[in-house]
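Here's the structure we're looking at; comments come further down.
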Amino acid sequence: MDRTGLRRRSQRPAGLCARQRPRPGQPGLEGQRRLGVPCRRPIGGRADRAGRGPGYAYAALRTMAELGQRWDPPAAAHWARRAQALRATIERRFWMESAAYYGLALDGEGALCAVRTSNAGHLLQFGVAEPARALAVAEQLMSPAFFTGWGIRTVARGEARFNPISYHNGSVWPHDSALCASGLASTGVRGAATRLLRGAFEAAVHFDMRMPELFCGFARTQGAPPVAYPVACLPQAWAAGSAFMLLQACLGIQVDGDGRTIHVQRAELPFGIQDVTIHDLAVGDQRIDLAFRSTGSRVAAFIEGDPDGRVSLQVRG
């Protein structure tokens with residue numbers, strides 16, 4: 001990483017094979033700059049993606065600051081300053097005012113790749129985006145350009161490299177949709193998370209309740225199932241784990257193990273689901289059942305299996 005916190009990709013030393021293209025997990029990197037100018041490949045230069053590079057680095061720096069508050073307060077201030085500096089860099093270098101969205105990456109010449117991808121949803125999860133920008137991103141993620149009815153496309157429909165049957169330029173990855181759902185919920189758009197949970201569940205029905213690594217990014221149509229990606233891993237660990245993140249996003253659950261406290265904020269359940277119980281939830285050294293029940297326009301939360309009241313529950317909204 002450079003001093004701003006952005007990750008650089010550089011040419012390999014002489015005599016070694018050079019990376020001639022991005023790995024498949026980099027959506028749309030060969031897309032466009034401003035006015036349709038193609039991005040330069042990251043050989044010998046910089047290529048960092050707003051959501052997955054700096055976004056995760058920002059989350060790590062914030063976590064270091066939080067840990068430092070308990071174990072090393074002077075270090076905590078250092079990590080907090082680095083986190084805020086990186087956040088400012090992301091906002092300055094990746095935001096596309098004309099598109100009201102974050103660009104994908106900086107190419108080999110340091111120019112912004114002006115491609116709308118689901119990576120921006122990860123920025124919402126980590127709290128990087130300014131509130132107004134976060135809402136603008138949330139609106140687009142749930143628009144037909146991204147949301148297929150089953151999940152969120154990796155690359156928006158209409159972008160230069162969009163292809164609903166490609167590996168990572170317009171397909172739907174369940175774990176990616178779940179990360180976006182978490183970001184949408186943290187932005188306050190929890191209804192979007194419930195839509196994504198319902199879409200994922202209904203997609204899983206067509207895959208024998210075993211979520212695949214990815215499936216094609218065609219828009220959902222009445223009576224038609226999601227289109228399978230021919231060589232997707234099935235089952236796949238990331239995809240299987242997405243169900244838990246989707247549920248957490250809908251229910252607004254945060255667990256404070258040290259304080260033996262569960263925080264629930266504005267819990268929502270998808271239409272048609274009246275109650276959910278999470279069994280054997282670990283809270284510090286305790287284990288409890290956490291139940292949610294729809295009561296009209298609200299969802300009530302309560303603890304079961306804790307007769308001594310060792311675990312507290314705090315509900316907001």
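Values below: all heavy atoms of this structure, side chains included; hydrogens, waters and symmetry mates excluded.
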Item to check | Heavy-atom side-chain contact between Ile273 and Asp275 under 4.5 Å | outcome: no

Item to check | Leu67 CG: over 12 foreign heavy atoms closer than 6.0 Å | outcome: yes

Checklist entry - So, do Trp150 and His206 sit near enough that their side-chain heavy atoms are less than 4.5 Å apart? => result yes

Next on the checklist: For Met142, run the side chain to side chain contact (heavy atoms under 4.5 Å, CB included) check against Val137, Leu184, Val189 and tell me which one passes.
Outcome noted: Leu184

Item to check | Gap between atom OG of Ser177 and atom CD1 of Ile152 - 0.5 Å precision | outcome: 5.0 Å

Next on the checklist: Could you tell me if the side chain of His175 sits less than 4.5 Å from the side chain of Met245, heavy atoms only?
Outcome noted: no

Next on the checklist: Tell me whether Glu139 at atom CD has more than 12 heavy atoms from other residues, nucleotides or ligands lying less than 6.0 Å away.
Outcome noted: no

Checklist entry - Do Phe126 and Arg62 pass the side chain to side chain contact (heavy atoms under 4.5 Å, CB included) test, and can you show the C-alpha distance, the side-chain angles, and the key distance before you say yes or no? => result CA-CA 9 Å; Phe126 302 134; Arg62 279 188 54 191; 5.6 Å; no

Next on the checklist: Check this for me, if you would: do Asp285 and Arg310 make a salt bridge, where the nitrogen-to-carboxylate-oxygen distance has to be below 4.0 angstrom?
Outcome noted: no

Next on the checklist: Is there a side chain to side chain contact (heavy atoms under 4.5 Å, CB included) between Tyr58 and Leu123? Walk through the geometry before answering.
Outcome noted: CA-CA 9 Å; Tyr58 172 77; Leu123 293 180; over 6 Å; no

Item to check | Under 3.5 Å: donor-acceptor pair, side chain of Arg87, backbone of Val128 | outcome: yes

Item to check | Atom of Gln274, atom of Leu269 and distance for their closest heavy-atom approach | outcome: O-CD1, 3.7 Å

Checklist entry - Tell me, do Glu66 and Trp79 make a side-chain contact under 4.5 Å, heavy atoms counted? => result no

Item to check | Hydrophobic cluster membership, Val227 vs Phe201, 4.5 Å side-chain cutoff | outcome: no

Next on the checklist: Could you check whether any side-chain heavy atom of Arg157 comes within less than 4.5 Å of a side-chain heavy atom of Pro144, counting everything from C-beta outward?
Outcome noted: yes

Next on the checklist: Would you say that Val264 contacts Val299 through its side chain, given a criterion of any heavy-atom pair below 4.5 Å between the two side chains?
Outcome noted: no

Checklist entry - Relative to the ring of Phe146, is the ring of Tyr101 parallel (under 30°), tilted (30 to 60°) or perpendicular (over 60°)? => result parallel

Item to check | Under 3.5 Å: donor-acceptor pair, side chain of Arg133, backbone of Glu91 | outcome: yes

Item to check | Check against ring pair (Phe, Tyr, Trp, His ring centres under 6.0 Å), Phe207 and Phe215 | outcome: CA-CA 10 Å; Phe207 294 108; Phe215 49 89; 5.7 Å; yes

Item to check | Whether Asp289 side chain and Glu304 backbone form a donor-acceptor pair below 3.5 Å | outcome: no

Next on the checklist: For Leu251 versus Ile278, what's the shortest heavy-atom pair and its separation?
Outcome noted: CD1-CD1, 4.1 Å

Checklist entry - Do Thr148 and Phe218 have side-chain heavy atoms sitting under 4.5 Å apart? => result no

Checklist entry - Gly68 and Ala76: which non-hydrogen atoms are nearest, and at how many Å? => result C-CB, 3.5 Å

Item to check | Whether Tyr167 and Tyr229 hold their rings parallel, tilted or perpendicular, with breakpoints at 30° and 60° | outcome: tilted

Item to check | Arg293 vs Phe302, side chain to side chain contact (heavy atoms under 4.5 Å, CB included): CA-CA, chis, key distance, verdict | outcome: CA-CA 9 Å; Arg293 186 163 300 145; Phe302 50 93; 3.6 Å; yes

Next on the checklist: How long is the straight-line distance from CZ of Arg195 back to CG of Leu246, given to the nearest 0.5 Å?
Outcome noted: 13.5 Å

Next on the checklist: Could you measure the distance from the CG atom of Leu86 to the CZ atom of Arg93? Nearest 0.5 Å is fine.
Outcome noted: 11.5 Å

Item to check | side-chain hydrogen bond (donor to acceptor under 3.5 Å, both in side chains) between Ser118 and Thr154, intermediate numbers included | outcome: CA-CA 5 Å; Ser118 59; Thr154 51; 5.5 Å; no

Checklist outcome for this item: In terms of heavy-atom contacts, Val172 and Gly151 come closest through CG1-CA, 3.8 Å

Item to check | Nearest heavy-atom neighbours spanning Ala185 and Ala193 | outcome: CB-CB, 4.3 Å

Checklist entry - Any sub-3.5 Å donor-acceptor pair from Asp107's side-chain atoms to Ala111's backbone N or O? => result yes

Next on the checklist: Let me check something: do Leu214 and Val231 share a hydrophobic cluster, defined by ILVMFWY side-chain heavy atoms less than 4.5 Å apart, either directly or through other members?
Outcome noted: yes

Next on the checklist: Does Phe244 have more than 12 heavy atoms from other residues, nucleotides or ligands lying within 6.0 Å of its CZ?
Outcome noted: no

Item to check | Connected via hydrophobic side-chain network under 4.5 Å: Leu290 and Val315 | outcome: yes

Checklist entry - Charged N to carboxylate O below 4.0 Å: is that the case for Arg190 and Glu268? => result no

Checklist entry - Phe162 and Leu104: same hydrophobic cluster, using ILVMFWY side-chain contacts below 4.5 Å? => result yes

Item to check | Non-neighbouring partners of Arg198 that pass salt bridge (Lys or Arg N to Asp or Glu O under 4.0 Å), sequence neighbours left out | outcome: Glu202

Checklist entry - Would you say the side-chain atoms of Gln286 pair up with the backbone N or O of Val311, donor to acceptor, closer than 3.5 Å? => result no

Checklist entry - With the threshold set at 4.0 Å, does a side-chain nitrogen-carboxylate oxygen contact exist between Asp306 and Arg287? => result no

Item to check | Rounded distance (nearest 0.5 Å) linking atom CG of Leu179 with atom CG of Leu196 | outcome: 11.5 Å

Item to check | Close side-chain approach of Leu112 and Met96, heavy atoms under 4.5 Å | outcome: yes

Checklist entry - Is there a donor-acceptor contact under 3.5 Å from the side chain of Arg116 to the main chain of Gln140? => result no

Item to check | Thr261 side-chain N/O to Gly257 backbone N/O, donor-acceptor pair under 3.5 Å | outcome: no

Checklist entry - If you measure from CD on Glu213 to CD on Gln236, what distance do you get to the nearest 0.5 Å? => result 5.0 Å

Item to check | Nearest heavy-atom neighbours spanning Trp173 and Ser171 | outcome: NE1-OG, 3.2 Å

Item to check | Value rounded to 0.5 Å, distance of CD in Gln125 from OG1 in Thr187 | outcome: 10.0 Å

Next on the checklist: Checking the side chain of Arg153 only, and the main-chain atoms of Gly217 only, is there a donor and an acceptor separated by less than 3.5 Å?
Outcome noted: yes

